Number of protein chains: 2
Amino acid sequence: MTFSRQTSAGYLVNDLARRFAAALQTRIKPMGLSTGVFPVMVQLWERTELTQAELVRRIGVEQATMANTLSRMHRDGLIERRQSPDDGRVQVIHLTEKGKALRDPAIEAALSVNRSALSGLTPEERDQFLGLLAKVVETFGQHDDGPPPTDP
Amino acid sequence: MTFSRQTSAGYLVNDLARRFAAALQTRIKPMGLSTGVFPVMVQLWERTELTQAELVRRIGVEQATMANTLSRMHRDGLIERRQSPDDGRVQVIHLTEKGKALRDPAIEAALSVNRSALSGLTPEERDQFLGLLAKVVETFGQHDDGPPPTDP
DNA sequence: ATATATTGCATAGCGTGCTATTCTTATGTA
DNA sequence: TACATAAGAATAGCACGCTATGCAATATAT
């Protein structure tokens, strides 16, 4: 039984994810952003007020992870939290002006990372790649996780 | 300027990496292994004695990350460290019997995750996918990181 | 031979993800 | 009305990655 990293999808995907994250970080750190914060910002750049639970649903990260990320974002002056008058439990998150102002350069940075990463592929290969990534994510999504199917 | 997760390679790769890690973890945690430890074990299953610096080179993680991972592995009884008689700086890492015994089930677990993840793809698509992943990793490797090329 | 790198490793500190637990506030039902 | 449940959020504690430092041992250069 052999295990080679060159033929292991998991190995390659993990490797690639670290490289993507590193590349994004070098580009957005100078603006005061970080990789974990980025998906939250993307959501808030589209609709400026969202609940923490809404963000969790949209981004697909655990609630505790989101709470920590939002804490850092608040510490760094990117967001503010307001008590909802309707429901005493919910905190409405909204971007500060500082956060809003980062939209264009930050999105450009992310697009640039993607362009650069895929620059070795032909346009057809890029479409294939994105399609296959989405398809594999989809496959995962079906059982979400869980043990391997028992073989007969 | 728009940013959609469905068309962002970085977003998809990051998402996928988390899913792969979660799936692997549920399978190997019962054996006392974790995702960060796995690549180290793979190396040590092939040659039972390696230097920390060797492991860093082969696995491509930072030296500090490796030091921490090895600490946990030692704490959990997977490895032992021996002073090298030739060079007073180096610690030779070698597997314990417990670590050696995990080889077959752990590798089977990882192969199973890959099989399961790619089960929605045709054999041709799987080859394409692995090939494209390797190609993109390659592209990253060339400049390793760095700012986007200045456009004229 | 002594001074200056370089190499191998450890530690501190942080970001980002996870699970498990707890607290508060709504909401349902007896 | 009282009590159990559910939902939103925070916190504790861990794994795993990173950068930045520090330290000891070896190599190299003058």
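This structure is a prediction, so every number in the text was calculated from the model and none was measured. Letters A, B, ... are given to chains in the order of the sequence lines, protein chains preceding strands, and every chain is numbered from 1.
Straight-line distance from the CZ atom of R18(A) to the C1' atom of dT19(D): 15 Å, rounded to whole Å. Atoms CG (N14(B)) and C1' (dG17(D)) sit 12 Å apart, rounded to a whole Å. Rounded to whole Å, atom P of dG17(C) lies 15 Å from atom CG of L16(B). Atom-to-atom, CD of E62(A) to C1' of dT19(C) comes out at 8 Å; the value is rounded to the nearest Å. With rounding to whole Å, L55(A) atom CG is found 19 Å from dA7(D) atom P. Rounded to an integer number of Å, the gap from CD of Q83(B) to C1' of dG8(C) is 11 Å. In this structure, NZ of K29(A) is placed 9 Å from P of dT19(D), rounded to the nearest angstrom. Note: CZ (F20(B)) to C1' (dA15(D)) measures 20 Å, nearest angstrom.
Ranking dC18(C), dC9(C), dG15(C) by closeness to the Q63(B) side chain, first place goes to dC9(C). Side-chain atoms of T51(B) lie closest to dC9(C) of the nucleotides dG13(D), dC9(C), dG8(D).
Mapping A67(B) and D76(A) onto DNA chain C by nearest heavy atom places A67(B) closer to the 5' end of the strand. DNA chain D is contacted by both T65(A) and V61(B); T65(A) maps to the nucleotide lying nearer its 5′ end (nearest heavy atom per residue). Nearest-nucleotide assignment on DNA chain D puts the 5′-proximal partner with L70(A), out of G36(B) and L70(A).
Under 4.0 Å is where a charged nitrogen must lie from a carboxylate oxygen, and between R47(B) and E54(B) no such pair does.
In this structure, W45(A) and F38(A) have perpendicular ring planes: the angle between them is above 60°, well past the 30° mark.
For the contact set between residues 94-102 of chain A and DNA chain C, defined by any heavy atom under 4.0 Å, there are no members.
Both V42(A) and L24(A) are members of a single hydrophobic cluster when ILVMFWY side chains are connected at heavy-atom separations under 4.5 Å.
An OP1 or OP2 oxygen of dG8(C) is reached within less than 4.0 angstrom by a side-chain nitrogen or oxygen of R57(B).
Within the nucleic acid shown, V56(B) has no heavy atom closer than 4.0 Å to any nucleic acid atom. Backbone-only engagement by S34(B) is indicated by non-hydrogen atom pairs under 4.0 Å involving sugar-phosphate atoms exclusively. Base contact: A64(A) has a heavy atom under 4.0 Å from a base atom.
Note: E62(B) CD to N68(B) CG = 12.0 Å, rounded to the nearest 0.5 Å.
When each of L33(A), T35(A), V113(A) is paired with Q25(A), the side-chain contact (heavy atoms from CB on, under 4.5 Å) condition holds for T35(A) and for no other.
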Q: Would you sort out whether K135(A) and E138(A) count as a salt bridge (Lys or Arg N to Asp or Glu O under 4.0 Å), showing the intermediate values?
A: CA-CA 5 Å; K135(A) 208 164 176 178; E138(A) 187 75 10; over 6 Å; no
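With hydrogens and angles ignored, no donor-acceptor pair under 3.5 angstrom links the side chain of R89(A) to the base of dT24(C). Scanning atom types as modelled, no donor and acceptor separated by under 3.5 angstrom connect the side chain of Q25(B) and the base of dA15(D).
In this structure, a donor-acceptor pair under 3.5 Å is absent between the side chains of Q6(A) and S4(A). Looking only at atom types and distance, the side chain of H74(A) has no donor-acceptor partner in the side chain of R81(A) under 3.5 Å away.
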